[in-house]
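The first residue in the sequence is number 1, and the count goes up from there.
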Amino acid sequence: MDRVYIKGLKTDAVIGVYDWERDIRQTLVLDLELAADNRAAAATDAIEDAVDYDAISGRILAYVADSEFQLIETLAERVAEIVLSEFGVPWLRLRLAKPGAVAEAGDVGVIIERGEEP
């Protein structure tokens, strides 16, 4: 199985459970690994046969920027659902980090895997 990845995708969103978090935008960082079979794209050299990481990135950025969830777990699930259903990706691993959420840590977050790994 091949994988396409998107690393360090940054955007700001309203996220958090505390009252003060509901009034600000915080930076979130996403890393994704997407299952793919790259042989067709390599043979044709056509974007139509590839996992379009630019289109996926744009969709995620727009969705996250407009979201207002309390938990990063919820946001991670919704992003995974979008990628799996809209882009025909059979499996993904998504890391969603919230830098600055714990002052003593570089970042905190969740890692989820969804779909069927080929």
Side-chain angles (χ1 to χ4, degrees):
M1 172 188 56
D2 303 322
R3 294 190 183 173
V4 172
Y5 71 90
I6 302 166
K7 184 173 182 180
L9 190 62
K10 292 182 184 178
T11 189
D12 293 336
V14 174
I15 189 91
V17 297
Y18 301 111
D19 289 341
W20 64 268
E21 290 181 297
R22 308 310 299 162
D23 295 326
I24 65 168
R25 299 183 69 75
Q26 298 182 70
T27 299
L28 300 173
V29 182
L30 297 97
D31 297 329
L32 294 96
E33 289 183 33
L34 312 167
D37 184 343
N38 292 331
R39 291 176 287 192
T44 64
D45 199 30
I47 189 66
E48 298 80 21
D49 295 326
V51 174
D52 189 342
Y53 51 79
D54 184 53
I56 292 170
S57 297
R59 178 69 169 100
I60 291 171
L61 290 172
Y63 181 80
V64 174
D66 288 340
S67 70
E68 293 192 8
F69 294 107
Q70 292 187 38
L71 301 177
I72 59 172
E73 291 86 348
T74 307
L75 180 56
E77 287 292 336
R78 298 305 183 273
V79 169
E81 290 169 6
I82 287 169
V83 174
L84 293 172
S85 66
E86 294 182 17
F87 295 95
V89 172
W91 172 90
L92 67 76
R93 176 180 293 130
L94 183 145
R95 178 182 180 274
L96 175 56
K98 187 177 173 185
V102 175
E104 297 79 16
D107 63 17
V108 297
V110 297
I111 299 172
I112 64 172
E113 292 185 24
R114 297 294 178 265
E116 295 295 322
E117 190 171 7

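Each of Arg3, Lys7, Arg95 was compared with Glu33 under the side-chain hydrogen bond (donor to acceptor under 3.5 Å, both in side chains) criterion, and only Arg3 meets it.
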Enumerate donor-acceptor pairs with a distance under 3.5 Å from any side-chain N or O in residues 77-84 to protein atoms, sequence neighbours excluded.
from, atom 1, to, atom 2, distance (Å)
Glu77, OE1, Arg114, NE, 3.3
Glu77, OE2, Arg114, NE, 3.1
Glu77, OE2, Arg114, NH2, 2.4

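Here the CE atom belonging to Met1 is positioned 10.5 Å from the CG atom belonging to Leu34, to the nearest 0.5 angstrom. Atoms CG and CD1, from Leu94 and Ile111 in turn, are 9.5 Å apart once rounded to the nearest 0.5 Å. The CZ atom of Arg22 sits 5.5 Å away from atom CD of Gln70, with the distance rounded to the nearest 0.5 Å. Atom CD in Glu68 sits 12.5 Å away from atom CD in Glu21 (nearest 0.5 Å). For the atom pair CD1 (Ile56) and CG (Leu32), the distance works out to 8.0 Å, reported to the nearest 0.5 Å.
Scanning all heavy atoms of the two residues, the minimum distance from Val51 to Ala36 falls at CG2-CB, 3.6 Å. In plain terms, the two heavy atoms of Phe87 and Arg59 that are nearest each other are CZ-CB, 3.9 Å. When all heavy atoms are compared, the tightest approach of Ala35 to Pro90 is O-CD, 3.7 Å. Scanning both residues, Leu96 and Leu30, for their nearest heavy atoms gives CD1-CG, 3.7 Å. Residues Pro99 and Val29 share a closest heavy-atom pair of CG-CG2, 4.0 Å.
Follow the hydrophobic side-chain contacts under 4.5 Å out from Val110 and you reach Ile6 in the same cluster. Cluster annotation: Val14 and Ile72 are assigned to distinct hydrophobic clusters (Ile/Leu/Val/Met/Phe/Trp/Tyr, side-chain heavy-atom contacts under 4.5 Å, transitive). Ile112 and Val89 fall within the same hydrophobic cluster, defined by Ile, Leu, Val, Met, Phe, Trp and Tyr side-chain heavy atoms under 4.5 Å apart, directly or through other members.
Between the side chain of Gln26 and the backbone N or O of Ile15, at least one donor-acceptor pair lies under 3.5 Å. Without hydrogens or angle criteria, Arg93 side chain to Asp31 main chain gives no donor-acceptor distance under 3.5 Å. Side-chain atoms of Asp2 come within 3.5 Å of backbone atoms of Asn38 as a donor-acceptor pair (strictly under, hydrogens ignored). A donor-acceptor contact shorter than 3.5 Å is absent between the side chain of Asp107 and the backbone of Lys98. Looking at Arg25, its side chain does come within 3.5 Å of a backbone N or O of Ala65 through a donor-acceptor pair.
Side-chain contact between Leu28 and Leu75 is present, with at least one heavy-atom pair separated by less than 4.5 Å.
Here Trp20 is tied into one hydrophobic group with Val17, Tyr18, Ile24, Leu71, each link being a pair of ILVMFWY side chains closer than 4.5 Å.
Heavy-atom neighbours of Tyr53 OH from other residues, nucleotides or ligands within 6.0 Å: at or below the threshold of 12.
The salt bridge (charged side-chain N to carboxylate O under 4.0 Å, His left out) test applied to Asp52 returns no partner, not counting sequence neighbours.
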